[in-house]
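These notes concern the structure reproduced below.
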Amino acid sequence: MDPAILHIQDEGRRFPPPEAFKAKARIKSLAEYHKLYEESIHAPEQFWARQAKELAWMRPWNSVFDWDKETCRFTWFRGGKLNVSSNCLDRHLETQGEKVAILWQGEREEDKRRLTYRELHDEVCRFANVLKKKGVQKGDRVCVYLPMIPEAVIAMLACTRIGAIHSVVFAGFSSAALKDRLDDSKAKVLITADGGRRSGKEFDLKGMADAALTDCQSVEQVIVVQHIKNNAAMKKGRDVYWHDEMRSTHGACPATEMDAEDPLFILYTSGTTGKPKGALHTTAGYLLYTYLTYRYIFDYSDKDIYWCTADVGWVTGHSYIVYGPLANGATVLMFEGVPTYPDNDRFWQIVENYKVSVLYTAPTALRALMRFGDGPVKKHDLSSLRLLGSVGEPINPEAWMWYHTVIGGGRCPIVDTWWQTETGGILISPLPGAMTLKPGCACRPFFGVRPVVYNEEGGLAQRNEGGYLAITHPWPGLMRTVWGNHDRYIETYWDKYKGEYSTGDAARVDENGDIWLMGRVDDVIKVSGHRLGTAEVESALVSHPSVAEAGVVGRPHPIKGQCLYAFVTLKHGIPISEQLKQELIQHVSTTMGPIAKPDFIQFAEGLPKTRSGKIMRRILKAIASGEADVGNTTTLADPSVVEELVKNRVA
Ligand code: WT7
């Protein structure tokens, strides 16, 4: 077993659900969870059909679940017809049209907006008409490249209203990353903004978009939201302003009848090879899965003010800012800024001002805020909070305890939710009214999820033995394919354990049956909870004219969780210099985006390779992390390179 999969720490603290929480919870006991879980496993069709009846259908389905294991194709609710935007909006109009759907807080304190369900519905219908006028039809791809502003949600829902497939690209990605995604999805329309605000500075989003579009074949039209009003250059015949288009359109737009298995969106995610994969999610299964996980894991209550701090550009934003909460009719807070601007109490100030009751954030943000101590927290009244959530990477017990004690005042359960872009929604998490929490532990599988842990030999791992996590049966939210490349889907997820979904994560199950996640087993790195493929960063480095070869690995970082450490071999005759180092870091930032910047670059004469020429990242990782033992080097073509690498390690 890979040493990374050994578990060291024994966490003995236990936190049963507080009585007051339990009394009002949707699921109040472990027995209640068991009963539903057992049904979801032994009678899945009965379970999911009953849940699906909570959605609004235009036509009933013919068959709940079908699975062709050979081709790795499966369907949920085949033949059923529905529309996602009408489930998230129209369905609520009669009973709660005046309820606030979106509370928006800009980075500048004075920038605030609120949209009721009725207002959001009207905006979505109007923008859907704009898209139609631009020639967008069912099945066309629309790329959304926007900062955290309500127009992002409006654009996504407008796509679903007319059956267009959205592909949201995180606004922190640079033009080259945007261009790759536009080319792969062949998007017809790009929706962007003149710019955005981040940490008190403005960034030129339109400039990035323009650079991506210089030789892009597919995009015909660009719709630009005027957000920071920087007089961005507009290209005649291609670019139009959002507000101009909205002014000249009317409000009614019937929701298109979509098949349960029609594509809903593509979301690109990094894997072990250089090219990002377009995870394809479909209509009914995804909607139902996000609806139900939001309802039970966040214990949805009508009065909640729910705040998820993720960006809509990531899957967390898709599932738990947009689809899950809106399908439930929740009030969602959306924040444009960062945790530490203008001051390091910004998060807590927002919780107090908006009386946030449910907060869903990432370990990296908590670790960054913990550094400032309890002072900034104590300045604010956080008594509105009743439930806390964590996502993106394993949460270390210290951060968990701080979250629980200082932020939650000891009274709020924490749901440590494990899932992936591919899984559509949360797969493993505590149910807050039913389960006893252990700091750093994601607890139990959600309804319909069948996890299994395999050891190195492919047998079932023992209790407390770390191994590879797989899921043995599809659930409604699982991605259906990699956009345009079903073979890659099969290879990446279904080949390792035939007919089972392989997650790429390590895990162990403890003596109580609780599941602990132990990080990735492949070449995916989580930097501040963002997923980066080492191969992608390597190919960005190698695209620089001075670089011959690069090996990129993760190294533990106190706030980011992991950071990037790059080993770079220069082309013959290129001299090493500090200036070149800075240039390479900048080069990665402009090609991929600032999140992919390596924290460390080490120049190396040679990299550790197998005889077949494969870079052994395991060895690089041990060196980068300063481990005393770099492990077995006998399979290397030239074991002597290791010594030099260790000697020149950046401390
Ligand atoms: C990877 C997926 C899940 C939505 C945001 C990230 C890691 C995520 C946890 C958690 C331990 C976690 C896994 C997973 N991860 N949540 N609660 N505990 N690890 O989605 O970018 O697709 O990344 O994030 O390694 O495979 P993503």
Side-chain angles (χ1 to χ4, degrees), residues 15-26 99-116 148 199-200 294 297-310 320-321 325 330-391 395 398-417 430 432-433 437 439 559:
F15 298 87
E19 284 308 319
F21 189 97
K22 203 170 166 160
K24 292 193 196 142
R26 284 184 182 266
K99 181 174 174 177
V100 176
I102 296 180
L103 285 166
W104 180 75
Q105 173 62 58
E107 181 169 271
R108 299 188 306 195
E109 179 53 30
E110 64 272 26
D111 292 340
K112 296 175 201 290
R113 285 161 69 183
R114 59 172 62 214
L115 289 157
T116 63
M148 280 288 282
S199 307
Y294 179 75
I297 295 168
F298 295 102
D299 189 46
Y300 171 62
S301 143
D302 195 27
K303 302 271 177 322
D304 277 333
I305 305 291
Y306 163 79
W307 181 21
C308 166
T309 68
Y320 299 109
I321 291 178
T331 297
V332 182
L333 174 68
M334 189 177 181
F335 174 49
E336 181 188 21
V338 299
T340 48
Y341 182 84
D343 231 318
N344 49 37
D345 66 339
R346 188 71 195 272
F347 265 22
W348 320 125
Q349 180 220 348
I350 292 176
V351 169
E352 176 173 21
N353 284 355
Y354 287 91
K355 298 197 166 39
V356 170
S357 58
V358 179
L359 172 65
Y360 190 30
T361 193
T364 185
L366 295 171
R367 286 192 299 262
L369 293 168
M370 253 172 94
R371 273 198 313 166
F372 305 109
D374 302 356
V377 186
K378 299 289 182 222
K379 283 203 275 188
H380 299 282
D381 174 8
L382 305 187
S383 61
S384 56
L385 288 171
R386 67 176 193 95
L387 177 63
L388 304 171
S390 169
V391 62
I395 181 166
E398 302 82 80
W400 196 101
M401 286 306 298
W402 189 74
Y403 202 17
H404 189 259
T405 327
V406 181
I407 306 306
R411 119 198 129 256
C412 309
I414 297 177
V415 288
D416 176 0
T417 63
L437 308 173
I559 291 163

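For clarity, every value in this text was computed on a predicted model and none was experimentally measured.
Looking at Tyr354 and Gln105, their side chains do bring a donor and an acceptor atom within 3.5 Å of each other. Looking at Asp111 and Trp104, their side chains never bring a donor and an acceptor atom within 3.5 Å of each other.
The existence of a salt bridge linking Glu109 and Arg346 is confirmed by a sub-4.0 Å separation between a basic side-chain nitrogen and an acidic carboxylate oxygen. Salt bridge annotation for Arg386-Asp299: present, with a cationic side-chain nitrogen under 4.0 angstrom from a carboxylate oxygen.
Minimum heavy-atom separation, Pro339 to Ala365: CG-CB, 4.5 Å. Annotation for Ser390 and Tyr403: closest pair CB-CE2, 4.5 Å, computed over non-hydrogen atoms. The minimum heavy-atom distance linking Val100 with Arg114 is given by the pair CG2-NH1, 3.7 Å. The shortest non-hydrogen separation linking Gly200 to Glu107 is N-OE2, 2.7 Å. Closest non-hydrogen pair, Met148 versus Ile321, comes out as CE-CD1, 3.9 Å. The minimum heavy-atom distance between Ile407 and Val377, with the atom names listed, is CD1-CG1, 3.7 Å.
Residues Leu437 and Pro413 have side chains in contact (heavy-atom distance under 4.5 Å, counting atoms from C-beta outward). Thr309 places a side-chain heavy atom less than 4.5 Å from the side chain of Leu359.
A donor-acceptor pair is defined here as one N or O able to donate and one able to accept, closer than 3.5 Å; such a pair exists between the side chain of Asp381 and the backbone of Ser383.
Under the 6.0 Å cut-off for aromatic ring centres, Tyr320 and Phe298 qualify, their centroids lying closer than that. Proximity of the aromatic rings of Tyr294 and Tyr306 is defined here by a centroid distance below 6.0 angstrom, and this criterion is met. Here the two rings, on Trp348 and Phe372, have centers that are 6.0 Å apart or farther.
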Worked verdict on Thr417 versus Ile297 for side chain to side chain contact (heavy atoms under 4.5 Å, CB included): CA-CA 9 Å; Thr417 63; Ile297 295 168; 4.0 Å; yes
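The only member of Lys24, Arg26, Lys99 that meets salt bridge (Lys or Arg N to Asp or Glu O under 4.0 Å) when paired with Asp302 is Lys99.
For the salt bridge (Lys or Arg N to Asp or Glu O under 4.0 Å) test, no residue two or more places apart in sequence or in another chain qualifies with Lys355.
Expressed to the nearest 0.5 Å, how far CG of Asn353 lies from CG of Leu333 amounts to 10.0 Å.
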